[in-house]
Protein chains: 2
Amino acid sequence: MSVTYPLGFRARGVQAGLRTKPAPDLALIVNDGPRDTVAGVFTTNRVSAAPVQWSRQVVSDHKARAVIANAAVANACTGIDGLTDSQCEAEHVATLVGCQTDEVVVASTGVIGVRLDMPSILVGATTAHTSLDRGDAVDESAARAIMTTDTVPKSATVERNGTRFGGIAKGAGMLAPQLATMLVFLTTDAVVDPEEFQDALAQACDVTFSRVDSDACMSTNDTVVAMSSGASGVSLTGDALVSTLTDLCATLARQLVADAEGSHHDVKVTVHGATSTEAAVAVAREVTRSNLVKTAIAGNDPNWGRILAAVGCVPEDVAPYDPDAVDVSVNGIQVCRSGGIGDDRDLVDMNPREVHIDIDLHAGDAEAAMWTNDLTHEYVEENSAYTS
Amino acid sequence: MSVTYPLGFRARGVQAGLRTKPAPDLALIVNDGPRDTVAGVFTTNRVSAAPVQWSRQVVSDHKARAVIANAAVANACTGIDGLTDSQCEAEHVATLVGCQTDEVVVASTGVIGVRLDMPSILVGATTAHTSLDRGDAVDESAARAIMTTDTVPKSATVERNGTRFGGIAKGAGMLAPQLATMLVFLTTDAVVDPEEFQDALAQACDVTFSRVDSDACMSTNDTVVAMSSGASGVSLTGDALVSTLTDLCATLARQLVADAEGSHHDVKVTVHGATSTEAAVAVAREVTRSNLVKTAIAGNDPNWGRILAAVGCVPEDVAPYDPDAVDVSVNGIQVCRSGGIGDDRDLVDMNPREVHIDIDLHAGDAEAAMWTNDLTHEYVEENSAYTS
């Protein structure tokens, strides 16, 4: 289960006919309460899609009763008409659910610059509403309905102190800084304070989805929305709330990395010995963004020279360190010692899907990790053949 | 001709045996004077190779009599031993040429983290010195000796007011911001003021090599060195000097783009209507760095949504503009109008090798252009199979 694992939620994914092939493409998740708390984190791309503009407003007063999300078309760069489309979706779902229009979150993913097929969406929403349910089957249908180039649906659940959390996610490319390019819908039956819920979600995203950088491309449609029904009657606050949301987001983020477009390796870049977390993240991000590092890993080459070249691109005021002090290990073999030649690179076993790059700056005590993927023929194939 | 087109220069590329296959791999360029003015621009990567560290010092007092450059090994991340190697090369060439050690520029390109084969280099330098000459043959041998993954040698000449300029360049990957990853050696017989020569070279690089971004990866070895013999007896100053060096660098930069690893398209991204040149460059750079834009072009897809998504990633304080005002044309067809759907993308002819992306921010009067390439299977192949 996923989004209906917590009490107070029903869901359904249906085939509205938005895709060229027959498959679920529209998901509806409804919060039956008793509470209707919502939190959201959205793309920081200045070119944000109509559903993002709409849903930002919905989330701003911390109340939502439903999420409607479609694949195939992103409804981005569609101007005022696109915003009207998102609003129409919300109105229709509000009528079905029996709530206010501004209590309906709308999300879209798919091709940019194309209008939504509104008749199909509205009919599909009605069908989904008619068949809302709880359990494995509807959860999977919802997770499948938001997939684009994803090869598998992504879901997670967590329990904490008698409360339940669930979530689904999609995203396989355009996974980028600030926020991985994706849609994520989380649910919980914990009783939460609305503003604390928003802060906790932002904190959780900051160390999970924002630490995934698949191809350095930030999307116009990134959306993470969390709804709380409060149906467990149990309150969750403070660190317990943050850490539970973080666990849930981390599980989903790891699934996004594992399914990144055309990847053969999941790469964890950990920077140790930085002067601050920000410095560690900056160095890790530069390495995860390097096409030369990513192609080397695709070729099973523990090429520490390219890693060091990427590290060297971070400005000194962002991350102070001495280039001649830097150590680099790949899968546990210290191939670079003090900025120079270390152990024999042939000792590195590059066969596992997971590749660990550990960089020690020897400049302080802070550390941070980011995830990326290798850059493969299949990535080029998917992104040169697939229009988004 | 190229580096020996100006009076006062001799050159030669030889096969020192540094490569796995038989081909020229060591180039020597000697300035016979009467003047020995030099200017240089180097990588801003904090991890800079030993030859860069050495040559920065050489250039700092504006005097040099020779350049020795090798391919195959970059002598980067080789610590104090690597620096000693570069100094030994300089000493040996100084003895051959009859100048001071600190009048010899040293450059290397190739694999990072490997020591130079010094016996081969020193013997090769002696051979090159013995056969120094002027003319097409030696110029081509020098241009070939510095090639790595380049498929063709790159050279250019310019004449201005009775003075001559020539140059050779290498670089086919790691072409990156600040300075394309490359070695460039320029010569002139113009009489120039040393400090003005340095300023003029920096200005020329800023609008040519620094406007090329092949794969967003900045090298440890970037080097642009210009030597003046003054043998024409004609002085060149001010704008004439800057514009001549700019013409020369622009010609070489264009050749670098045309030979970028595995590319099928050369892409010129021009940003119009920006509030400043810096803003225009920032937007152009974000587009040229987008793997999703670059893979779309590899697929002959004028995907303006991905272009707009990249434009939207530039922070507002860097480039103020209204996302709903942005126009995008690809090869002359305005596929995006006012941030939304424009003319039919099927009208765009993506067959030419050169692809022009024109972005109008409608925010001011400044504009700037940057060059990049598409991201192809062949790029991945070269960079996953080739160790650098």
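Order of the sequence lines fixes the chain letters, A, B, ..., with proteins taken first and strands second; residue numbering starts at 1 for each chain. Below, each value reflects all heavy atoms present in this structure, side chains not excepted, and no hydrogens, waters or symmetry copies.
For the atom pair CD1 of A/Ile307 and SG of B/Cys77, the computed distance is 10.5 Å after rounding to the nearest 0.5 Å. Atoms CG and CZ, on A/Asp322 and B/Arg46 in that order, are 9.0 Å from each other to the nearest 0.5 Å. The structure places SG of A/Cys336 at 10.5 Å from CD1 of B/Ile112, a figure rounded to the nearest 0.5 Å. Once rounded to the nearest 0.5 Å, the distance linking CG of A/Asn291 with CZ of B/Arg289 reads 9.0 Å.
When B/Pro323, B/Gly79, B/Gly113 are compared by the number of non-hydrogen pairs under 4.5 Å with chain A, B/Gly113 comes out ahead. Counting heavy-atom pairs closer than 4.5 Å to chain B, the top residue among A/Val335, A/Leu308, A/Thr78 is A/Leu308. The greatest number of non-hydrogen atom pairs below 4.5 Å with chain B, out of A/Ala296, A/Ala74, A/Ala76, A/Pro315, is found for A/Pro315.
Shown here are the ring pair (Phe, Tyr, Trp, His ring centres under 6.0 Å) partners of A/His377, two or more places apart in sequence or in another chain: B/His377. A/Asp349 pairs by the side-chain hydrogen bond (donor to acceptor under 3.5 Å, both in side chains) definition with A/Asn351, not counting sequence neighbours.
Contact between B/Asn45 and A/Cys313 at its shortest, heavy atoms only, is ND2-SG, 3.5 Å. Taking each heavy atom of B/Gly312 and A/Val47 in turn, the nearest pair found is CA-CG2, 3.7 Å.
The part of B/Thr376 that comes within reach of chain A is its backbone (N, CA, C, O), which places non-hydrogen atoms under 4.5 angstrom from that chain.
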